[in-house]
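Positions are given from 1, in the same order as the sequence printed here.
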Amino acid sequence: MRRSLRPEAVPAGPPRPGNLPHELNRFVGRAAELRALQGALADARLITVTGVGGVGKSRFAAHAAAGAPASLRRDGVWRVELATVRQPELVEYAVAECLGLTDHTTRPPRQVLVDHLTERQLVLVVDGFEHLVDACASLVRDLLRAAPGLRVVAVGRRPLALEGERLFPLSPLTAQDAAELFADRASALLPGFRLADGHLVDVLEVCRRLDCLPLAVELAAGRLQALSPAQLMERLDDRFRLLTGGGRDALPRHQTLRTTIGWSHELCTAQERLLWARLSVFSGQFDLEAAEYICSGEGLHADAVLEVLHELLAQSVVIREESPAGVRYRMLDTVRAYGAEWLEHLGDSRRMRRRHRDWYMGLATWCELDWFSPRQGEVAARIDAELSNLRAALEFCLTEPGETHLGQYLAGTLWFYWAGCGRLAEGRHWLERSVSLDCDPGEGDDAEYGSSRLKALWVLGYVAILQGDAVPALAALQECHDDAQHDGDATALAYAVHRTGCLALVTDDLPRAEQLLRTALARYREIGELNSNVLMGQVELAMAMAFQGDLAQAVALCEDVQQVCEDHGERWTRAYALYVLAYAAWDRGDPAGARRLLRECLGIDHEFHDLLGTVLAVELLALVTLVEGDAAEAAVLQGAAARIWPSVGLPLFGSEHYNGPHRLCETRAREALGDVRFDELARAGERLGHDEAVARALGRGERQIVATHVPRPARASTPGKREPAASPTANGGETTG
């Protein structure tokens, strides 16, 4: 390769400011990222753009480099494509060829490059180096040391791991940019194609299901000559077969979605490919502990998972993310789908899905126990982060023969999340689906499986109560009660009695509610049960007593709950006890004390995304605000509550007693404001978003307020026959265990 006819390397042909080809179509989106990379080039001499295959790294890096400050690219922007270079010793020659250099001396090719670049000011884009990392890193390091005016933008699925390297991870497009890219490429094939012509919804869904990967979006747009956007969406389950093609000038690895992802797969070791396949069982994010348990086994020891995962991270197969639950990992759906095909090819899909189910069953069990502890916030964040995987585990249990009882157990075990973290509707979906299925004959121990079904039944009844749906709630609880009696299951029987008492409470049968709740609490004591459910039963009994006019006993019950909650660090049930205590403070003419208690209550409810607790607190805050002399603000808060109720269920459970504070507040506010002004302010409240409404309710009280007297409705001496009073509390029954 070395020749000695010429004394030095010279540019081949006339000088030119770079070798970037002219773009043949419009570059779409990424305005902020372009500015960020161009700005970074002023401070860093080596920037590596990383990302999964098909995310658009190559064009983005070239486009950004072409727009870098002129002072950094006085001698041009030069791009070297290494994908087709197979031997490490040929990397220097490829770079020299890219720069237009020929050399006839006996100098080493690296020295030729150093001599050429030493006095120049240019940007070198090194693309597709993944399979030549060591050789490429060595060359880039030497060139940067020798040429102070050189800037390098490396483009690959992993870093070069050099000192001074700044990583620039490139994410998929936003949905809007992806849709714009789709429309731009589609209009080249179908002149006149516009998103506004009824295509926007379908195109956005197509882009979302393709992870908004530019390559996948462009390939999908190329199918519009044969398919409509709606037909594309229907066929995306087989995305690798559908998305083939690409321009003749495209690199081989960019011509189909399958080969794009396959390019990364080819660069992986056997262990990396195995872990990639096994990680495909995860849905959404996952953590290291889950990966080590689920994915270890034959061919991959648990101790090796971290190291192999690190390599997949370095190659952009796996993405690292921060979350409230800590460091998490995920794969784009397209990458995951490729791994799932390999897992199926290995014949290991069912075993891995079962291991996945086992892990998340254990996680749910641990979180249920830990809910009654100072770690409630951590538990809520963990389940939020794992919800996608828990759904996958539930789906597996409810569709795999012989697993139904485990699905019932898992759906019931998550009661604290369905009821406590604003997931009533989804919880009811899984619970109803699970109890509608019969366990297969011979699944195993009848007592164990019966217990799982009983738990799902009383949790279903509880969730339906919180939604204000009495008839299905009663049916589920009655079935649970009868079967628990037949099976001798004391725990399920106690919960069935408890939730039936809760149902009586929200349907205004107060004497029966009191009787059932006292019976349930006695049963809990007999079996040694103490958790958030038990304490909620005590709060619900306090509500029943308050509705019947015995506020002193209601306060005593809730003060006891508050003490137990403080001893155990429990906050969610404590919020409902605070609600009852706030009602009692209002009743005795202490609106300032009521507001203080309600603000703490509302803060906890909002933290846990407990919509029921939130809306009940806002309702009572509206009444307190009225007492404090601000009828206008009370009307706004009532409007805000009206907007939240449809997301919970039947407003105020359709209960006369729970409706008492609301009706009293509205009556007095209308008297003060007039109907027209009240309705206007209530509509303004309805326009507030959830967070805005909570912030507004919590923010009041910082300014000076003047309390005014608002008479409370008179209580009849006979329980259940008095005029409905502003009710003490909220939560129509809470949790289960």
Would you indicate whether the side-chain heavy atoms of Val55 and Ser171 approach each other to under 4.5 Å?
no
Do we see a donor-acceptor contact under 3.5 Å between the side chains of Asp127 and Ser58?
yes
Under 3.5 Å, side chain of Gln121 to main-chain N/O of Arg74, donor-acceptor pair present?
no
What residues form a side chain to side chain donor-acceptor pair (under 3.5 Å) with Glu92, not counting sequence neighbours?
Arg110
Leu279 vs Leu312 side-chain heavy atoms within contact, under 4.5 Å
yes
Counting C-beta onward and ignoring hydrogens, is there a side-chain heavy-atom pair between Cys136 and Leu160 closer than 4.5 Å?
yes
If we only count heavy atoms from C-beta on, is the Gln111 to Asp115 side-chain gap below 4.5 Å?
yes
Please tell me if the side chains of Val126 and Val153 come closer than 4.5 Å, counting only heavy atoms from C-beta onward.
no
Does a salt bridge link Arg355 with Asp358, judged by any charged N lying under 4.0 Å from a carboxylate O?
no
Can you tell if the side chain of Leu122 reaches within under 4.5 Å of the side chain of Trp78, non-hydrogen atoms only?
yes
Using a 4.5 Å cut-off on heavy atoms from C-beta on, say whether the side chain of Leu46 contacts that of Leu162.
yes
Between Ser138 and Ala135 (side chain of the first, backbone of the second, donor and acceptor by atom type, cut-off under 3.5 Å), is there such a pair?
no
With a 6.0 Å cut-off on ring centres, are Phe60 and Phe168 close enough?
yes
Determine yes or no for a side-chain-to-main-chain donor-acceptor pair under 3.5 angstrom, with Asn389 supplying the side chain and Gln285 the backbone.
yes
Could Arg330 and Glu321 be called an ion pair, given the rule that one side-chain N must be under 4.0 Å from one carboxylate O?
yes
Would a 4.5 Å heavy-atom cut-off, applied to side chains only, mark Val114 and Arg145 as touching?
no
Pair Arg391 + Glu395, salt bridge at N-O below 4.0 Å:
no
Taking the six-membered ring for Trp, are Phe282 and Tyr360 parallel (under 30°), tilted (30 to 60°) or perpendicular (over 60°)?
perpendicular
Can a salt bridge be assigned to the pair Glu33 and Arg35 using a cut-off of 4.0 Å between side-chain N and carboxylate O?
no
Do Glu163 and Arg141 sit within salt-bridge range, that is, some charged N less than 4.0 Å from a carboxylate O?
no
